[in-house]
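Some notes on the structure that comes next.
Computed from a predicted model, the values in this text were never measured in an experiment.
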Amino acid sequence: MIRLRGHHLLCLLGYRGMGYSDDYVRNMTQVYEALRTDPQTRVCVVAGPDDLCDHFPTDQPYHCQSASVHRRDAKVLSRLGLRAGQCMPWREIERRVRDRVRPEDIRSLCHTCSWRSLGVCEEGVDLIRRRLPLPPAPPPP
């Protein structure tokens, strides 16, 4: 089982091997590949820091508890019709994304995200909507 907060449900669709540190990238790659290769993997939605935040580098300002990140989580969960405490297979989260999110929604749902300008999350949502597989992650450092 993987614990994920609201906005990370969309971040993972756009994961392409980038992150805050080598440890963060290794962990995110492991989570991404588990979900990508086994869509039956159970995900539990949490309020606040999750299995990705657990690997946020200690030498950088910790934003996982910031108000803007919590607002982003709430917007994404609302759009997906989810709430903290729910657990389901990743496949169900992909179905909700396919049914409820359009690539251009990333602009409003994630407008405060520093990674948004890369366009990879829109690309991930587009792949899910077209029922295409997410690409393998590059090998971690």
Side-chain angles (χ1 to χ4, degrees), residues 1-138 140-141:
M1 178 193 59
I2 298 171
R3 298 174 316 117
L4 293 173
R5 67 187 311 156
H7 80 274
H8 282 162
L9 301 173
L10 297 181
C11 291
L12 281 157
L13 301 179
Y15 180 66
R16 301 297 180 267
M18 301 164 287
Y20 301 103
S21 68
D22 288 351
D23 180 53
Y24 189 91
V25 168
R26 276 190 293 277
N27 181 62
M28 191 138 172
T29 298
Q30 182 178 27
V31 169
Y32 174 84
E33 285 298 321
L35 298 173
R36 188 183 74 77
T37 60
D38 183 6
Q40 288 302 111
T41 300
R42 292 204 45 91
V43 171
C44 284
V45 177
V46 298
D50 62 7
D51 290 344
L52 299 178
C53 295
D54 287 349
H55 292 265
F56 194 84
T58 57
D59 64 343
Q60 294 185 33
Y62 187 72
H63 66 256
C64 297
Q65 289 284 25
S66 74
S68 68
V69 171
H70 282 287
R71 282 191 298 273
R72 191 176 316 137
D73 289 337
K75 285 172 31 176
V76 170
L77 291 178
S78 176
R79 176 62 61 93
L80 295 177
L82 295 172
R83 67 185 186 292
Q86 288 183 280
C87 299
M88 65 198 63
W90 176 250
R91 180 181 312 281
E92 171 61 15
I93 293 167
E94 287 182 327
R95 185 193 65 76
R96 287 172 184 250
V97 169
R98 186 169 38 257
D99 293 347
R100 298 170 182 235
V101 182
R102 300 174 56 86
E104 57 270 19
D105 294 337
I106 296 296
R107 286 191 301 263
S108 60
L109 289 170
C110 305
H111 74 278
T112 60
C113 177
S114 61
W115 300 95
R116 185 181 56 81
S117 63
L118 299 174
V120 290
C121 297
E122 289 93 336
E123 176 188 294
V125 169
D126 183 58
L127 289 171
I128 294 299
R129 287 183 58 86
R130 293 190 296 140
R131 299 178 187 268
L132 296 172
L134 295 172

*asked:* Checking Arg96 against Glu92 for the salt bridge (charged side-chain N to carboxylate O under 4.0 Å, His left out) test, could you report, in this order, the C-alpha distance in whole Å, the side-chain angles of both residues, the deciding distance, and whether it holds?
replied: CA-CA 6 Å; Arg96 287 172 184 250; Glu92 171 61 15; 2.9 Å; yes

Does some side-chain heavy atom of [Y] sit less than 4.5 Å from a side-chain heavy atom of [X]?
| X | Y | value |
| --- | --- | --- |
| Leu12 | Val31 | yes |
| Cys53 | Gln65 | no |
| Leu9 | Val43 | yes |
| Asp105 | Arg102 | yes |
| Arg91 | Gln40 | yes |
| Leu13 | Val97 | yes |
| Ile106 | Cys113 | no |
| Glu123 | Pro103 | no |

*CZ (Arg42) with more than 12 external heavy atoms under 6.0 Å*: yes

Considering non-hydrogen atoms only, spot the tightest contact between [X] and [Y] and give its length.
| X | Y | value |
| --- | --- | --- |
| Ala34 | Thr41 | O-OG1, 3.4 Å |
| Arg129 | Arg98 | NH1-O, 3.0 Å |
| Gln86 | Met88 | CB-CE, 3.9 Å |
| Val76 | His7 | CG2-CA, 4.0 Å |
| Gly48 | His70 | CA-CE1, 3.7 Å |
| Ala84 | Val46 | CB-C, 4.0 Å |

*Taking only residues at least two apart or on different chains, which pairs with a member in residues 66-78 satisfy salt bridge (Lys or Arg N to Asp or Glu O under 4.0 Å)?*
Arg5-Asp73

*Could you name each residue pair satisfying disulfide bond (SG atoms under 2.5 Å apart) that touches residues 2-52, not counting sequence neighbours?*
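Of all non-adjacent pairs touching residues 2-52, those that pass disulfide bond (SG atoms under 2.5 Å apart) are Cys44-Cys87.
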
*Report the distance from atom CZ of Arg95 to atom CD1 of Ile128, rounding to the nearest 0.5 Å.*
13.0 Å

*Hey, what do you get for CG (Leu109) to CZ (Arg79), rounding to the nearest 0.5 Å?*
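CZ of Arg79 is found 5.0 Å from CG of Leu109.
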
_Applying ring pair (Phe, Tyr, Trp, His ring centres under 6.0 Å) as the test, list every pair that has at least one member in residues 23-54; sequence neighbours left out._
Tyr15-Tyr32, Tyr20-Tyr24

